[in-house]
Amino acid sequence: MKDLKKRLLFLLGALIVFRIGAHVPVPGVNTAELASYLFGQQGGGAGILGMFNLFSGGSLQRFSIFAIGIMPYISASIIIQLAAEVLPSLKALKKEGEAGRRTLTKYTRWATLFLAIIQSSAFLAAIYQPAFITVGRVEFVISAVVCLVTGTMFLMWLGEQMTERGIGNGISLLITAGIVAALPGAIDQLLNLARSNNSIITVLFIMLGGLGLIYLVVYIESAQRKIPVHYARRQLGNRIVQGQKTHLPFKINMAGVIPPIFASSIILFPSQIIGWMGKGTENNVVIDFILANLSPNKPIYSIVFSVAIVFFCYFYTALVFSPREMAENLKKSGAFVPGIRPGEQTSNYLEKVVMRLTLFGALYITVICLIPEFVTGVLGVPFHLGGTSLLILVVVTMDFGTQIASYRMNQQYEQLMKKNSPKKSLSR
C-alpha cells in the first residue's frame, strides 16, 4: 500500500499548490475595488461570475492567476471530442490507440491555449475600469492576459499530473476542491442567517433538504441498468471455452456533470456580456427583458435552463457512447444479448435503452439543479451553493472513492499473483 499512500500524498500536495495559486493576485489590480464591481454592483454572486468564482475556489473574486480557472480546458475537450466524431481525420486518430490519443491530447492543449487567450482578453475588455487599475492599460492587458493564460495552462498540466500520478480525474478534483473551499463561507452564511433573523427552522430545513438531495444523488448515481450478455461456446487454441453469462452495466446518468455546467454557461454568459455592453443604455426593451428574466430564480431562466440540460444530456451521451461500436465489439468477441440478433439489431436495442436512460438522467439532473435555486429564491436565503455544485461535489467524491477501492483491489491482486507465482531456479 506504499504506492497508494504515495499517490494520495502527491494528490494532497497538488491541491495545496492549487489553493496557494488561488491567492496569488494578478499585478496592477486593486482587487478590493474589482471584487466590489464584479460581485457587488453587478450582482455577479448568483450569475455566471458567481459560478466561475465557485469553480475556481474564489480565484475570480481575488483576481488571482487562476481567475478563469480550468473552464477553457473543459470547453476544449468537448470541442475536440465532438470534432473526433465529425471529422474523418480525427476519427481515424481516435481509432489508432495510444498514439492517436496522444495526438488528440496535443490538439486539446492547443485548443485550451486558444480559448484561454480569447476568454481572458474578452473578460479584461469587458471589466476594464481605470478605477481599479493601478498601471497603464496596455501594460495591464498584456500582463493580465499572460498571467491568466499561464494560470489556466498550469492548472491543465496540474490536472493531468494528478490523473497520472494520483487517484481519480485531476480536472474534476480541481473543480471539486474549488467548491469545497466555498463551503465554509456558505455555512457561515447560514449561521449568520440563523443568528440575525432567528430563522433556525429555515436553516434546519435547508440542511435536511441538502442531505436529502445528497442521498438522492448517491442513490441515482449508484443505480445501473444491467443488460444480460451471453458468450457463445468457442475454441481457443486446443481448448474449448464454455459459454459465460455476464451483463453490461449502464448508468442512468451517463453524461455526468457536464450538462448543467454547459447549460449554465450558455445561458448566463451571454446575459452577463449583454449586461456589461448595455450599461448606461436607457429604454432598451430587449436588454431590459434579458437582464430581468435570464437570471437565477426567474421562471424563464428555469425553463430555458431545463431545456438546455436535457439537450446537453442527449448531446454528450451521444458523444461519448456509440451503440454501433459496442455492438460490433460484442459481435467480434462472440457475445450476444439474449433474444436480440448480433449486429444492427443489437445496436438499435442498445441505443433505445440508452435513450430511455438519458431521459430519466436528464430529468434527475434538472430536478437536482433547480430545487436548491427554487428553495433559496422562495425563502430569500443568500446561499449560492446551488444544485450544480452539489451534483459535482457528490459525483466526484463517489468516483474518487470508487477509484481508491479499485486501486487497492488491483494492488492486492498483484501481490497475490506474486506470492503464488513459482520461483525461478537458477541453473548453472
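All residue numbers refer to positions in the sequence shown, counting from 1.
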**Prompt:** Salt bridge check: are Glu160 and Arg109 linked by an N-O gap of less than 4.0 Å?
**Reply:** yes
**Request:** Evaluate the side-chain proximity of Tyr107 to Leu90: yes if any heavy-atom separation is below 4.5 Å, no if none is.
**Result:** yes
**Prompt:** What is the ring orientation for Phe311 with Phe315, classed by angle as parallel under 30°, tilted 30 to 60°, or perpendicular over 60°?
**Reply:** parallel
**Message:** Check whether Arg62 reaches the backbone of Gly58 with its side chain - one donor and one acceptor, N or O, closer than 3.5 Å.
**Reply:** yes
**Prompt:** Side chain of Ser143, backbone of Phe140: donor and acceptor closer than 3.5 Å?
**Reply:** yes
**Message:** So Phe10 and Gln161, do their side chains get closer than 4.5 Å, heavy atoms only?
**Reply:** yes
**Request:** Report yes or no: does Thr103 contribute a side-chain atom to a donor-acceptor pair with the main-chain N or O of Ala99 at less than 3.5 Å?
**Result:** yes
**Request:** State, with a plain yes or no, whether a side-chain heavy atom of Pro260 is found less than 4.5 Å away from one of Cys369.
**Result:** yes
**Asked** For the residue pair Ala67 and Leu60, what are the closest heavy atoms and their distance?
**Response** O-CB, 3.9 Å
**Item:** Side-chain ion pair, Glu98 and Arg101, N-O less than 4.0 Å
**Value:** yes
**Item:** Arg324/Glu344 ion pair, N-O < 4.0 Å
**Value:** yes
**Request:** Please work out which of the three classes, parallel, tilted or perpendicular, describes the rings of His230 and Phe336, given edges at 30° and 60°.
**Result:** perpendicular
**Asked** Taking side chain as C-beta onward, heavy atoms only, is Val229 less than 4.5 Å from His247?
**Response** no
**Request:** Spell out, as yes or no, whether a donor-acceptor pair under 3.5 Å connects the side chain of Ser120 to the backbone of Ala116.
**Result:** yes
**Message:** Between Ile68 and Ser56, is there a side-chain heavy-atom distance shorter than 4.5 Å?
**Reply:** no
**Message:** Is it the case that the side chain of Thr163 and the backbone of Gly170 share a donor-acceptor pair, with hydrogens and angles ignored and the cut-off at 3.5 Å?
**Reply:** yes
**Request:** Evaluate the ring planes of Phe312 and Phe262, with Trp represented by its six-membered ring, and classify them as parallel (under 30°), tilted (30 to 60°) or perpendicular (over 60°).
**Result:** tilted
